[in-house]
Amino acid sequence: TMAHSKALLVLENFIGGRFVPCSSYIDSYNPSTGDVYCRVPDSGKEEVEAAVKAAKDAFPIWSSKSPLERSQILNKLADLIEHDLEVFAQAESKDQGKTITFARTVDIPRAVYNFRFFASSILHHVTECTEVATMGCVHYTSRAPVGVAGLISPWNLPLYLLTWKIAPAIACGNTVVAKPSEMTSVTAWMMCKLLEKAGVPPGVVNIVFGTGAKAGEALVCHPEVPLISFTGSTLTAQRITERSAPHCKRLSLELGGKNPAIIFDDADLSQCIPTTVRSSFANQGEICLCTSRIFVQRGIYNEFLKRFVAEAKKWKTGNPSDPTVNVGALISKEHLEKVRNYVKKAQAEGARVLCGEGVDPLALPPGNQKGYFMLPTVIAEVKDESCCMQEEIFGPVTCVVAFDTEEEVIKRANGVKYGLAATVWSSNVGRVHRVAHRLQSGLVWTNCWLVRDLNLPFGGMKASGIGREGAKDSYEFFTEVKTITIKH
Ligand code: NAD
């Protein structure tokens with residue numbers, strides 16, 4: 001009805017510094033109520049074409065600014081987002097289903113920090129120089145921005161991951177066309193309203209909203225976008241690799257994980273248990289770095305399981321805007337079904353569901369009855385070959401299994417196609433280093449989880465990705481290097 005549609009939030013593309021309406025739209029749901037509350041442009045080739053043109057036009061001026069000038073603009077943008085932190089957090093929670101607490105303490109502060117971090121790091125890069133006296137030559141490298149960067153981001157950490165790409169891309173002097181997930185576009189659109197005030201010239205940041213199949217592919221296939229930074233699923237990355245291959249594009253791919261936690265019998269369980277509950281269920285388990293396979297050494301297995309389940313049961317699932325809630329809504333009805341099906345499959349295979357889905361009652365407030373909620377679920381006695389131990393579930397589900405030896409657990413931990421993040425719990429220093437070296441994983445956290453220094457490389461091995469991002473890595477990805485030789 002008209003009255004209903006009037007209440008909807010309607011987003012517009014942001015191209016060349018202006019908001020531009022689109023001819024067709026996609027419905028976007030509030031995951032905690034199940035209601036359509038927002039309409040997102042269903043952009044395609046035409047919109048992407050206009051955005052690439054705007055980005056190309058803006059490139060000569062933006063790329064010739066000094067790093068210091070760009071740095072000041074990034075810092076200003078960080079200040080503006082921080083000033084509106086609460087409004088952004090509310091919007092992210094409503095759009096994505098995550099708890100307001102998580103959005104307030106993780107997503108939006110990190111988006112602010114992404115701009116501050118790259119505003120600073122861009123000032124500190126040096127290029128290489130070698131002198132080869134026997135040849136009478138000096139060689140040095142110079143780095144220049146690549147051009148129009150295509151940035152594609154997922155729905156789990158919407159503004160956090162989008163700004164993790166935009167910040168280094170524009171700090172290096174590129175201009176960008178970004179496409180957030182069609183399921184979580186609101187905070188990107190809100191950020192566009194701050195760009196002019198921050199001093200970002202028109203055309204430097206363009207955002208085109210829409211689906212992966214239409215808007216995403218148009219960007220991936222555009223001949224004048226030489227570089228694509230993508231975060232999302234391994235399946236989509238394969239498609240992007242194929243579609244971009246004819247253009248020899250530079251790709252950075254940050255993909256899925258099936259992250260192990262390895263818990264030795266000398267671990268400090270008082271630290272390990274709450275952290276592993278958090279690493280399993282934070283953001284509804286919808287973080288690429290979440291733990292989903294917990295290997296516990298046999299001697300402490302029963303005690304661990306008992307205490308772990310008790311701790312998981314303390315996590316409250318419900319209305320994301322309730323500050324006492326730990327677990328919000330999953331992103332969509334389809335995703336909730338997919339996650340639930342994994343639990344059913346595990347049960348059918350003879351595994352034991354110790355708490356959560358299908359075992360404990362889920363009481364929801366009246367306004368959230370149609371939301372996409374699920375309790376934190378712990379499964380034990382799952383076979384390593386089971387799909388629950390092999391495939392990325394990306395929900396509040398974690399599997400706990402026992403192991404005997406170090407040798408055995410390394411082999412089992414490495415026995416999946418992914419290699420993103422691992423955690424190791426032990427108080428034996430030598431063992432921690434040995435195990436960390438042998439794990440096939442881009443990141444290894446010991447006696448902690450999700451502690452990041454943005455200076456250092458982030459990314460995955462095997463099916464978890466190609467390339468790394470971080471201060472130096474992002475700089476290298478978003479610039480083209482040239483070696484110049486001078487004979488004297
Ligand atoms: P997805 O691959 O379905 O979508 C990611 C983005 O790609 C969206 O913007 C989508 O619209 C777009 N897209 C889809 N098909 C496309 C195509 N053919 N061409 C171009 N773009 C296309 O992933 P998702 O479900 O949104 O996100 C969840 C996945 O992301 C999980 O696998 C998770 O592990 C992964 N992830 C990885 C990291 C990391 O840093 N490694 C971080 C967060 C999420």
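Basis for what follows: all heavy atoms, side chains included, without hydrogens, waters or symmetry-related copies. Just follow the structure's listing: the first ligand is 1, and inside any ligand the first atom is 1.
Within the 4.0 Å heavy-atom criterion, the part of Asn156 lying near ligand 1 is the side chain and not the backbone.
Among the candidates Gln390, Glu391, Glu392, Lys462, the single residue satisfying the side-chain contact (heavy atoms from CB on, under 4.5 Å) test with Tyr418 is Glu392.
The shortest N or O to N or O distance between Leu161 and ligand 1 is not under 3.5 Å. Residue Thr234 has no N or O atom closer than 3.5 Å to an N or O atom of ligand 1. Taking only nitrogen or oxygen atoms, main chain and side chain alike, Leu420 does not reach within less than 3.5 Å of ligand 1. For ligand 1, the polar-atom distance check against Glu182 finds a nitrogen or oxygen pair separated by under 3.5 Å. Checked against a 3.5 angstrom limit, the closest N/O atoms of Arg239 and ligand 1 fall outside it. Below 3.5 Å of separation, one finds no N or O of Thr211 facing any N or O of ligand 1.
Here the shortest heavy-atom distance to atom 6 (C) of ligand 1, taken over Ala213, Gly232, Ser153, belongs to Ser153.
The shortest heavy-atom contact between Ile263 and Phe403 is O-CE2, 3.5 Å.
For the ligand labelled ligand 1, residue Gly460 lies outside the 4.0 Å heavy-atom shell. Within the structure, ligand 1 lacks Ser464 among the residues with a heavy atom less than 4.0 angstrom away.
Note on ring orientation: taking the six-membered ring where Trp is involved, the planes of Phe117 and Tyr113 are tilted (angle from 30° to 60°).
Residues Asn30 and Lys94 bring no donor and acceptor atom of their side chains to less than 3.5 Å of each other.
Between Arg340 and Glu357 there is a salt bridge, with a side-chain nitrogen of the basic residue lying less than 4.0 Å from a carboxylate oxygen of the acidic one.
Geometrically, Arg452 does not engage Phe458 in a cation-pi contact, judged by NZ or CZ lying under 6.0 Å from the ring centre and within 45° of the ring axis.
Annotation: atom 23 (O) of ligand 1 to nearest protein heavy atom, Ser233 N, 3.4 Å.
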